[in-house]
2 protein chains.
Amino acid sequence: MERKPTEVRQEEIKKALLEIVDTEGLHNLSTRKLAEKVGVTEGALFRHFKSKREMILSIVDGVEEVLMKSLQTVAMSDASSKDRLFRFLCVHVSYLIENKGITMLLFSEAAHSNDSELKSRMLNVLNTQKQLAKKIIQDGIAGGEWDSSLQVENVATLYMGIPISLNIELVLNPLGVNTENFCKKMICLLERALMKSK
Amino acid sequence: MERKPTEVRQEEIKKALLEIVDTEGLHNLSTRKLAEKVGVTEGALFRHFKSKREMILSIVDGVEEVLMKSLQTVAMSDASSKDRLFRFLCVHVSYLIENKGITMLLFSEAAHSNDSELKSRMLNVLNTQKQLAKKIIQDGIAGGEWDSSLQVENVATLYMGIPISLNIELVLNPLGVNTENFCKKMICLLERALMKSK
DNA sequence: TAGCTTAGCAAGTAATCACTTACAAAGCAA
DNA sequence: TTGCTTTGTAAGTGATTACTTGCTAAGCTA
C-alpha cells in the first residue's frame, strides 16, 4: 500500500487512461481496468478525481495547454511557410505519438460524446488545429511561396487527414512508423501539391 | 405487434445499428437502444441474430461484398489512372456517406476490438483499400502519367487519410459536405502532388 | 509524541449490459 | 379447420458499470 500525493496520482491516472484508450479503445476503458493499471483500488481513483468525466476533462486541459500552445507558437513564428508547415506537422505528430490515446479520444469524443461540454471542447481542439494550418497555408500563398490558385480550405482538409493516416498506419503496421520520416514524407507530398505549377 | 420475415428484420437491425454508431458512437450502442430504434423488444433482436457480435459481422460481410468488390472493379478497370483514382475515391466516399456508421465502426474495431476474427477482418478491409489504391498509383507511374520519383507507399498513406478527413469535415461542419465536390477537390490536390515536375 | 489530514482498502450500491426463458399469437400448409 | 413453424413479448438472468461508504493507517505538524 504505497501512498503518493494526489498530484502524482493524477498524472499516473491520466497516463494509464490514455494507455488503455490507445491499446484497447475507449469502449474498453473501465474504472476497474484503470485502477488495476495504476495499481490501486477503484475507490482510490475517486479520491483523486471526482468522476471518470473529470479525468478526461483534465486530459483535455493538458492538450489545450501543451499541444495547442505549441502549435500556435509554430504557426505564428516568422519562419518561411514551408518550414512552419513542416514544424507544425512534426509537433502535431510527435505529441500524438507521445500521447497515443489522444487521437482516438479526441476523434471519438468530438464526434459522439453525450457530454456537451466535453464534445464542444474536443471540437474546438480539432477546429483550432485546422484554423492554424489554414493560417500557415494562407501566408504561404500570400507570400508567393505557393500557388495562388489553391483553395486554402481544401489544403487544410487534406492536412487534417494526415495525423489520422498516421494512426491507420500504426494499426496496419504496428511494428514501427518512424515519426520523423513520416512527417518528411507527408510534407514532401503536400509541398508538391502546394508549389506553383510549371 | 408487426411480424416481418427474418431477412427483412436483419436488414432493419443492421441499418439501425449503423445509424446509432454514426450518431452516438460505438460506445453508445446497446441492444436496448437498438431494439427501440427498430421498434421491437430486445428479445426479438436475438431471434434474428444470435449475438450482437453476429450483427456486426454481418455488416462486415456487406462491406466486403459491396464496397470492396466495387473498389476492386474500379481499380482493375482499363481507364486512365487519373480517372480510376477519381472513381475509386468517389465509390469509396459515397459508400461511407450512404453507410455513415461504417467509418467509425471500421476504424475503432480495427484498432481496438477484443474479438480477433472481427479485428482481422476489419484490418483486412483497410489493408485491401490501401493495396488497391497502391495498384492505381503504381500503374499511373509505370504508364508515365505521374512522376516516377514518387514513392507509391507514401501516396497511398496520404490517400487513406482522405475518407477520414471527410469524417472530420462532417463533424466540424455537419450542415453539409457535398460528396462530389469533396472528391473533386481532394483529387485535384492529389493530382497536383502526383503530376510530373516542370 | 499527539492530533489531524490525506491516501489508501474492502465491500458495498443501483443502474445498465448482453442475452435467456416461457409463453402467445400470426400465418402458412395440410 | 388443424397443426406446425416463425416472430413476437414480458420478465427475467448474472455480469459489469461508475461510483460510495466506513474504516484504517501513513505521514506531516505542533
Side-chain angles (χ1 to χ4, degrees), chain A residues 1-21 24-60 101 105 108-109 112-119, chain B residues 1-21 24-60 101 105 108-109 112-119:
Chain A
M1 172 173 160
E2 196 185 357
R3 288 168 60 98
K4 296 184 184 176
T6 194
E7 296 77 16
V8 173
R9 281 289 189 219
Q10 282 171 345
E11 291 308 312
E12 288 181 6
I13 291 167
K14 289 191 277 181
K15 192 179 168 215
L17 190 155
L18 283 177
E19 272 175 41
I20 292 171
V21 173
E24 308 186 56
L26 189 59
H27 62 284
N28 284 315
L29 173 67
S30 63
T31 50
R32 178 199 274 221
K33 257 187 191 150
L34 189 53
E36 201 177 300
K37 189 144 209 154
V38 174
V40 294
T41 59
E42 282 187 72
L45 296 181
F46 293 93
R47 184 72 67 188
H48 305 293
F49 288 102
K50 70 180 201 193
S51 67
K52 189 176 159 182
R53 175 177 185 267
E54 293 293 323
M55 299 172 195
I56 294 174
L57 283 172
S58 173
I59 289 173
V60 183
L105 191 65
S108 84
E109 292 288 329
H112 303 303
S113 180
N114 309 327
D115 182 323
S116 63
E117 185 200 337
L118 184 54
K119 181 168 178 161
Chain B
M1 172 173 160
E2 196 184 356
R3 288 168 59 101
K4 296 184 182 176
T6 195
E7 296 78 16
V8 173
R9 281 289 189 218
Q10 282 171 345
E11 291 308 313
E12 289 181 5
I13 292 168
K14 288 191 278 181
K15 191 179 167 218
L17 191 154
L18 283 178
E19 272 175 41
I20 293 171
V21 172
E24 309 186 56
L26 189 58
H27 63 283
N28 284 314
L29 172 68
S30 64
T31 50
R32 179 199 272 222
K33 257 188 193 152
L34 188 53
E36 201 177 301
K37 188 142 211 155
V38 174
V40 295
T41 58
E42 282 186 70
L45 296 181
F46 293 93
R47 185 71 69 187
H48 304 294
F49 289 100
K50 70 181 197 191
S51 67
K52 188 177 160 182
R53 175 178 185 266
E54 294 292 323
M55 300 173 194
I56 293 174
L57 282 172
S58 173
I59 289 173
V60 182
L105 191 64
S108 85
E109 291 288 327
H112 303 304
S113 180
N114 309 326
D115 182 323
S116 63
E117 185 200 336
L118 185 54
K119 182 168 179 160

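Keep in mind it's a predicted model, so treat the numbers as computed, not measured. Protein chains get the first letters and strands the later ones, always in sequence-line order, with residue 1 at the start of each.
Between A/G43 and A/R32, the residue whose closest nucleotide on DNA chain D is further toward the 5' end is A/R32. Ranked by how close their nearest DNA chain C nucleotide is to the 5' end, A/H48 and A/E42 are led by A/H48.
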Return all side-chain donor-acceptor pairs below 3.5 angstrom for residues 1-10 of chain B, not counting sequence neighbours, or 'none' if the list is empty.
unit_1	atom_1	unit_2	atom_2	d
B/K4	NZ	B/E12	OE2	2.6
B/T6	OG1	B/H48	ND1	2.6
B/R9	NH1	B/E12	OE1	2.7
B/R9	NH2	B/E2	O	2.9
B/Q10	NE2	B/H48	O	3.0

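Comparing D/dT7, C/dC17, D/dG22 by their nearest atom to the side chain of B/T6 picks out D/dT7. Considering only the side chain of B/F46, C/dC19 comes nearest among D/dT20, C/dG8, C/dC19. Side chain of B/R3, nearest nucleotide from D/dC19, D/dT7, D/dG27: D/dT7. If you check C/dG8, C/dC17, D/dA18 against the side chain of A/T31, the one that comes closest is D/dA18. Distance from the side chain of A/R47 is smallest for C/dG8 among the nucleotides C/dC17, C/dG8, D/dC19.
As a whole-Å value, the separation of A/E11 CD from C/dA7 P is 14 Å. The nearest whole Å value for the distance from the CD atom in B/E36 to the P atom in C/dA18 is 13 Å. Here C/dT21 presents its C1' atom at 19 Å from NZ of B/K50, a figure rounded to the nearest Å. Between the NZ atom of B/K33 and the P atom of C/dA15 there is a distance of 17 Å, given to the nearest Å. The separation between B/H27 atom NE2 and C/dT16 atom P is 15 Å, rounded to whole Å. Here the P atom of nucleotide C/dG27 and the NZ atom of B/K4 are 13 Å apart, to the nearest Å. Put simply, CD on B/E54 is 12 Å from P on C/dT20, counting in whole angstrom units. Atom CZ in A/F49 sits roughly 17 Å away from atom P in C/dT6 (whole-Å rounding).
Taken from CG in B/L105 to CG in B/L29, the straight-line distance is 8.5 Å, to the nearest 0.5 Å. Atom-to-atom distance recorded for B/I59:CD1 and B/L18:CG is 4.0 Å, nearest 0.5 angstrom.
Contact annotation: B/R53 side-chain N/O to C/dA18 OP1/OP2 distance is not under 4.0 Å. OP1 or OP2 of C/dG8 lies within a sub-4.0 Å distance of a side-chain N or O belonging to A/R9.
A/K14 and A/E11 are joined by a salt bridge, as a carboxylate oxygen and a charged side-chain nitrogen come within less than 4.0 angstrom of each other. By the 4.0 Å N-to-carboxylate-O rule, A/E117 lies close enough to A/R53 to be salt-bridged with it.
At a threshold of 4.0 angstrom between heavy atoms, the contacts of B/L34 with the nucleic acid are absent. Counting non-hydrogen atoms under 4.0 angstrom, A/T41 reaches a base of the nucleic acid. Residue contacts shown for A/E2 are limited to sugar-phosphate atoms, with no base heavy atom under 4.0 Å away.
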